[in-house]
Protein chains: 4
Amino acid sequence: MTSSTPTRDRIIDAAMRLFGENGYRGTSVAQIERAAGLTPGAGGLYHHFRTKEAVLRAGIERNLSRLDALRDIRRLLGNLGDLRAELTLSARYVLAELDDEQELLRIMASEARSRPEIVEDAVQQLVHTTYTEFTAWLRDSAGVPQERAAAVASVGLGALFSSRMMSGLLRVPSVGVDDEIFVATWVEMMYRLLSPR
Amino acid sequence: MTSSTPTRDRIIDAAMRLFGENGYRGTSVAQIERAAGLTPGAGGLYHHFRTKEAVLRAGIERNLSRLDALRDIRRLLGNLGDLRAELTLSARYVLAELDDEQELLRIMASEARSRPEIVEDAVQQLVHTTYTEFTAWLRDSAGVPQERAAAVASVGLGALFSSRMMSGLLRVPSVGVDDEIFVATWVEMMYRLLSPR
Amino acid sequence: MTSSTPTRDRIIDAAMRLFGENGYRGTSVAQIERAAGLTPGAGGLYHHFRTKEAVLRAGIERNLSRLDALRDIRRLLGNLGDLRAELTLSARYVLAELDDEQELLRIMASEARSRPEIVEDAVQQLVHTTYTEFTAWLRDSAGVPQERAAAVASVGLGALFSSRMMSGLLRVPSVGVDDEIFVATWVEMMYRLLSPR
Amino acid sequence: MTSSTPTRDRIIDAAMRLFGENGYRGTSVAQIERAAGLTPGAGGLYHHFRTKEAVLRAGIERNLSRLDALRDIRRLLGNLGDLRAELTLSARYVLAELDDEQELLRIMASEARSRPEIVEDAVQQLVHTTYTEFTAWLRDSAGVPQERAAAVASVGLGALFSSRMMSGLLRVPSVGVDDEIFVATWVEMMYRLLSPR
DNA sequence: AATGAATGAGCTTTCATTCAT
DNA sequence: GATGAATGAAAGCTCATTCAT
């Protein structure tokens with residue numbers, strides 16, 4: 001239950017936006033302070049966080065809780081009985097989740113090598129959880145045997161992740177394919193892969 | 001035609017390795033000099049490059065030429081007449097290419113936002129070229145209609161890219177699926193998607 | 001007549017202890033507040049003192065008054081008629097006084113150069129008074145001619161001061177000589193020096 | 001064999017003077033740089049020392065080597081055969097040594113509590129060595145039994161140290177006694193203390 | 001009387017870059 | 001071509017002090 005004051009929140013907001021835009025190292029404490037409405041360079045940030053890194057940690061945590069909340073809601077939505085419809089929903093869910101967390105994704109990618117401890121947990125929750133859940137769904141709802149489910153999840157989710165990583169990390173503006181068509185193609189692909197024969 | 005001396009090359013080697021490990025900002029000119037066998041902090045690097053950024057530019061360029069050369073060789077390998085075999089080869093090519101360019105991929109991901117001008121070209125060559133070629137192959141060799149080919153390429157290559165971005169950018173140790181099985185699943189998926197009905 | 005409230009006193013106590021331990025500059029207002037039971041960094045100290053330096057001044061003053069009171073009591077103790085006994089008593093008095101004021105001594109030593117105005121008075125009272133009194137005693141009770149008394153006091157008290165300055169200022173653990181023996185030697189030395197021939 | 005360049009030496013000179021005047025904490029790196037002829041705040045100091053503390057360490061070491069050299073010379077001066085003359089010489093030696101090392105003495109006193117590791121060695125050499133040598137001299141040349149020698153050294157050297165600590169540390173301008181007379185009194189005192197009866 | 005929050009000024013340290021040798 | 005030395009600028013962080021509540 002991390003304490004939450006208006007200024008503290010504004011600092012996290014500003015910091016995460018700037019970290020996403022310019023990277024952690026590329027963002028100075030003074031910049032964060034300015035963006036949070038404090039006097040830049042006066043160290044006002046340090047009344048709310050012990051170090052700059054603590055801001056990053058708090059920001060990642062906050063994003064992850066938001067993600068958790070999101071997932072809880074999604075879990076409520078039950079089965080539709082129709083494989084195509086459920087694949088379409090899954091694809092949209094995952095893409096929406098990634099769109100929400102572009103900022104986090106970018107920060108994770110640029111800081112993964114310099115601050116592994118911090119990022120590890122975030123990756124675990126953002127990536128692994130999605131894989132695990134999708135694998136379980138493949139097994140339980142689509143009747144894919146466990147050993148195959150992992151491989152199918154890896155290929156299937158990989159395609160979805162990739163689409164957002166391209167634009168989010170590498171700034172490749174989508175890859176020229178419309179989202180609707182992309183999802184439709186993905187669903188078709190998964191559907192055929194999961195169908196017998 | 002940038003001149004190439006042993007020291008200059010050693011500087012690029014050292015710089016690209018360090019940029020990949022610690023990021024551009026996380027690597028000091030002194031570190032590069034030390035790793036290149038020069039006296040750290042003495043500014044020897046500046047006899048070969050005007051700025052630190054010029055080293056990055058030169059490094060990216062060198063990696064891209066290497067990539068070009070690679071692609072030329074690959075183009076020589078003709079058709080096999082068997083769709084499954086050709087899909088398998090394609091997958092392995094793309095993965096190998098990405099494995100070769102992990103360093104570049106990492107640098108591009110962490111610098112894409114702060115240095116878009118430099119990275120743009122690299123992305124174009126590393127990503128777009130692959131997409132374009134694969135789309136053309138889908139159209140010409142697998143008989144996929146142009147409008148569909150782009151979407152299929154996006155999904156198909158996405159899955160491959162994702163597998164390497166996970167480990168390369170996010171440090172997710174593969175996602176637990178063996179490479180052989182991953183490729184086999186991908187081939188199966190593409191094969192079914194490309195087969196009529 | 002500086003007003004005295006419980007909090008004010010707690011601040012002085014805490015401050016003098018911390019000043020003695022870490023030096024004036026090495027002690028932050030926040031540390032003093034924390035040690036005094038106030039919220040660190042909230043500036044509660046400033047309801048009792050105008051500046052950090054005012055705390056130091058008040059602390060030194062308070063220690064000096066305590067010293068004055070001590071001396072008044074000591075003055076009541078009259079002559080013993082025996083030179084050796086009186087020398088022994090004198091030595092013990094001076095050493096006890098210095099032991100009481102180790103904190104003050106340390107602060108004075110570390111701040112003497114940066115804050116001469118404040119320290120001057122304290123030194124005057126702690127050192128000069130002792131010298132003056134001892135010189136007077138030498139003259140009046142031990143029959144030493146005035147001009148010689150000053151030199152004898154300087155040598156004699158110097159030895160005593162030194163013993164406490166070593167441990168108090170330089171952290172030399174005594175200099176390996178037991179206090180009892182040290183006093184006995186000092187008394188013997190003074191006795192012989194004061195005896196005719 | 002610590003490397004020695006003109007700038008490096010100037011930095012140590014400037015730093016030790018400033019440390020002595022304003023204390024370690026009271027001296028900023030920029031001040032040292034300015035006093036050493038470098039641009040203040042440009043960090044030129046860091047081309048010669050890794051940290052500010054390293055400057056202090058180097059400075060203390062340099063002073064101690066100077067002291068060592070001094071002591072070696074003194075050791076050459078043999079016996080005079082006359083106790084009074086030798087006592088006078090000893091007193092003057094010790095006082096001269098302390099006068100030379102006022103700076104070191106001040107730094108040691110103000111930093112003893114905050115950087116004990118660094119100061120310990122210096123104290124050992126400046127204080128203990130003097131005590132040990134004087135004790136040995138008392139035993140060997142003045143014929144004082146070992147157990148008594150330590151106590152006599154403690155009292156005798158204490159008086160000398162005190163005289164310089166007063167002016168050096170507490171800024172008490174001598175204590176009003178002329179140096180000649182002080183030494184004469186000290187010699188008389190030691191002479192009587194060492195004479196039989 | 002006490003606190004949460006803020007600020008101006010300062011600190012030590014890092015670093016890309018320049019230049020005389 | 002390489003080096004030792006220097007520098008301007010900026011970084012992260014600390015701190016004495018103020019003030020509205």
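The sequence lines fix the lettering, A, B, ..., with proteins before strands; numbering per chain opens at 1.
Atom-to-atom, CD of D:Q31 to C1' of E:dA9 comes out at 14 Å; the value is rounded to the nearest Å. A straight line from CZ of B:R8 to P of F:dA2 spans 13 Å, rounded to a whole angstrom. What separates CZ of D:F49 from C1' of F:dA5 is a distance of 14 Å, to the nearest Å. Computed from coordinates, the B:K52 NZ to E:dT18 P distance equals 15 Å when rounded to whole Å. Protein atom CG of C:N22 is 15 Å distant from nucleotide atom C1' of F:dT14, rounded to whole Å. Regarding C:H48, its NE2 atom lies at a distance of 17 Å from the P atom of F:dA16, rounded to whole Å. For B:R50 and E:dT18, the CZ to C1' distance is 13 Å, given to the nearest whole Å. For B:R34 and F:dT3, the CZ to C1' distance is 15 Å, given to the nearest whole Å.
Among the nucleotides E:dA16, F:dA16, E:dT7, the one closest to the side chain of A:T39 is E:dT7. In this structure, the nucleotide among F:dA6, F:dT3, E:dA6 sitting nearest to the side chain of B:H47 is F:dT3. When distances run from any side-chain atom of C:A42 to the nucleotides E:dA1, E:dT3, F:dA6, the shortest one goes to E:dT3. Side chain of D:S28, nearest nucleotide from E:dT17, F:dA6, E:dC11: E:dC11. For D:Y46, counting side-chain heavy atoms from C-beta on, the closest listed nucleotide (E:dT3, E:dT17, E:dT14) is E:dT14. Set against E:dT13, F:dT17, E:dA16, the side chain of C:T51 has F:dT17 as its closest nucleotide. The side chain of D:L38 lies closest to F:dA6 when the candidates are F:dT3, F:dA6, E:dT12.
Between B:D9 and B:S4, the shortest heavy-atom contact is OD2-OG, 2.9 Å. For B:Y46 against B:V29, the heavy-atom pair with the smallest separation is OH-CG2, 3.6 Å.
In summary, C:E53 and C:R57 engage in a salt bridge, as defined by a charged side-chain N under 4.0 Å from a carboxylate O.
Between C:R25 and B:G44, the residue anchored nearer the 5' end of DNA chain F, judged by the nucleotide with its closest heavy atom, is B:G44. Heavy-atom distances to DNA chain F give each of B:G37 and D:G43 a nearest nucleotide, and the one nearer the 5′ end belongs to B:G37. Between B:T27 and D:T27, the residue anchored closer to the 5' end of DNA chain E is D:T27, taking for each the nucleotide with the nearest heavy atom.
At the heavy-atom level, A:L45 lies nowhere under 4.0 Å from the strands shown.
Between the side chain of C:E33 and the backbone N or O of C:L45, at least one donor-acceptor pair lies under 3.5 Å.
Base-pair partner of E:dA1: not found among the strands shown (Watson-Crick or G-U wobble, both distances under 3.5 Å). E:dT21: Watson-Crick or G-U partner is F:dA2, with both key distances under 3.5 Å.
For the pair C:K52 and C:Y24, the cation-pi criterion (under 6.0 Å, within 45° of the ring axis) is fulfilled.
D:R66 pairs in a salt bridge (Lys or Arg N to Asp or Glu O under 4.0 Å) with only one of the listed residues (D:E103, D:E61, D:E101), which is D:E101.
Taking side-chain N and O atoms only, B:T7 has a distance below 4.0 Å to OP1 or OP2 of F:dA2. At the phosphate of F:dG1, neither OP1 nor OP2 sits under 4.0 Å from any side-chain N or O atom of B:T5.
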